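Only this structure's heavy atoms are used, side chains among them; waters, hydrogens and symmetry mates stay out. In this text the structure is predicted, and so the values were computed from the model without any measurement.
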Amino acid sequence: QVQLVESGGGLVQAGGSLRLSCAASGRSNSLRNMAWFRQPPGLEREFVGAINWYGDPRYYGDSVKGRFTISQDNIKNTVYLQMNSLKPEDTAVYYCAANEQNWSDYYFLSTKESYHYWGQGTQVTVSS
């Protein structure tokens, strides 16, 4: 089993930045891809970004391209989401996800059903 724990959420003004972290423990050496999804209030969970456990490739959702950056640290078993130029519409619960499959194409990694490990989520609120 793998456990994922997110941290780094909070309240920030529009235009500000936050960095989320997701630490993996347990059988983390079996992981092949990690991702961030988010769920705004009353809406479906949507894809934010994904990265292969070894660093590349990485993909982003259209709404965050150019503003968010996903990265990983294999030594710390941690994936990060650097969020810049935040907007009120970025307000959501952000979830970390991971899988053990070797496929790393955009369609597969942007689909929430491709992940079987999930964190508990961390709230990000962007005020206008």
Side-chain angles (χ1 to χ4, degrees):
Q1 285 294 325
V2 173
Q3 294 78 42
L4 303 175
V5 178
E6 303 100 331
S7 61
L11 174 64
V12 64
Q13 287 189 331
S17 298
L18 279 176
R19 189 177 80 154
L20 305 183
S21 300
C22 172
S25 61
R27 283 179 47 202
S28 57
N29 60 353
S30 69
L31 298 179
R32 292 296 177 264
N33 300 288
M34 296 190 73
W36 289 95
F37 287 78
R38 68 185 182 186
Q39 189 162 14
L43 299 177
E44 294 288 319
R45 195 169 297 190
E46 64 177 4
F47 173 69
V48 175
I51 187 169
N52 181 271
W53 185 247
Y54 300 102
D56 284 303
R58 63 192 79 189
Y59 304 108
Y60 299 94
D62 289 340
S63 60
V64 306
K65 279 180 183 176
R67 299 188 298 124
F68 290 12
T69 302
I70 190 170
S71 61
Q72 45 74 253
D73 185 329
N74 286 344
I75 296 175
K76 295 182 179 180
N77 289 338
T78 300
V79 65
Y80 303 97
L81 184 68
Q82 177 65 44
M83 305 185 293
N84 298 329
S85 302
L86 283 161
K87 305 175 182 179
E89 50 264 44
D90 293 318
T91 295
V93 178
Y94 284 70
Y95 295 92
C96 177
N99 68 32
E100 299 168 328
Q101 277 71 37
N102 286 318
W103 298 284
S104 295
D105 63 87
Y106 175 82
Y107 178 77
F108 181 72
L109 295 186
S110 63
T111 303
K112 57 183 182 293
E113 287 79 10
S114 299
Y115 298 89
H116 43 272
Y117 298 114
W118 291 87
Q120 80 288 352
T122 185
Q123 176 70 45
V124 171
T125 303
V126 184
S127 63
S128 57

Where do Ile51 and Asn33 land on the side chain to side chain contact (heavy atoms under 4.5 Å, CB included) test, with the steps shown first?
-> CA-CA 6 Å; Ile51 187 169; Asn33 300 288; over 6 Å; no
Side chain of [X], backbone of [Y]: donor and acceptor closer than 3.5 Å?
X: Ser114; Y: Phe108; value: yes
X: Glu6; Y: Cys96; value: yes
X: Ser17; Y: Asn84; value: no

Trp118 reachable from Trp36 in the ILVMFWY side-chain graph, under 4.5 Å edges | no
I want to check something: taking the side chain as every heavy atom from C-beta on, are [X] and [Y] in contact at a cut-off of under 4.5 Å?
X: Leu81; Y: Val48; value: yes
X: Val12; Y: Thr125; value: no
X: Leu4; Y: Gln120; value: no

Quick one: salt bridge (Lys or Arg N to Asp or Glu O under 4.0 Å) partners of Arg32, sequence neighbours excluded?
-> none
Do [X] and [Y] meet the criterion of a side-chain donor-acceptor pair at a distance under 3.5 Å?
X: Asp73; Y: Thr78; answer: no
X: Glu89; Y: Thr91; answer: no
X: Ser104; Y: Asn52; answer: yes
X: Tyr117; Y: Glu100; answer: yes

Run the side chain to side chain contact (heavy atoms under 4.5 Å, CB included) check on Met83 and Val124 step by step: do they pass?
-> CA-CA 10 Å; Met83 305 185 293; Val124 171; 3.9 Å; yes
May I ask you to say whether Lys87 pairs ionically with Asp90, meaning some side-chain N is under 4.0 Å from a carboxylate O?
-> no
When rounded to the nearest 0.5 Å, the distance separating CE of Met34 from CZ of Arg58 is 13.5 Å
Between CG of Asn29 and CG of Asn74, what distance do you get to the nearest 0.5 Å?
-> 11.0 Å
Does Arg38 make a cation-pi contact with Tyr95, if we ask for NZ or CZ under 6.0 Å from the ring centre and within 45° of the axis?
-> no
With sequence neighbours excluded, give me every ring pair (Phe, Tyr, Trp, His ring centres under 6.0 Å) pair touching residues 64-91.
-> none
Could you note down all residue pairs passing ring pair (Phe, Tyr, Trp, His ring centres under 6.0 Å) where residues 41-66 supplies at least one of them, sequence neighbours left out?
-> Phe37-Phe47, Phe47-Tyr106, Tyr59-Tyr106
Check the pair Leu31 / Asn99 against side chain to side chain contact (heavy atoms under 4.5 Å, CB included), numbers first and verdict last.
-> CA-CA 6 Å; Leu31 298 179; Asn99 68 32; over 6 Å; no
Test side chain to side chain donor-acceptor pair (under 3.5 Å) on Ser25 and Asn77 and set out the steps.
-> CA-CA 7 Å; Ser25 61; Asn77 289 338; over 6 Å; no
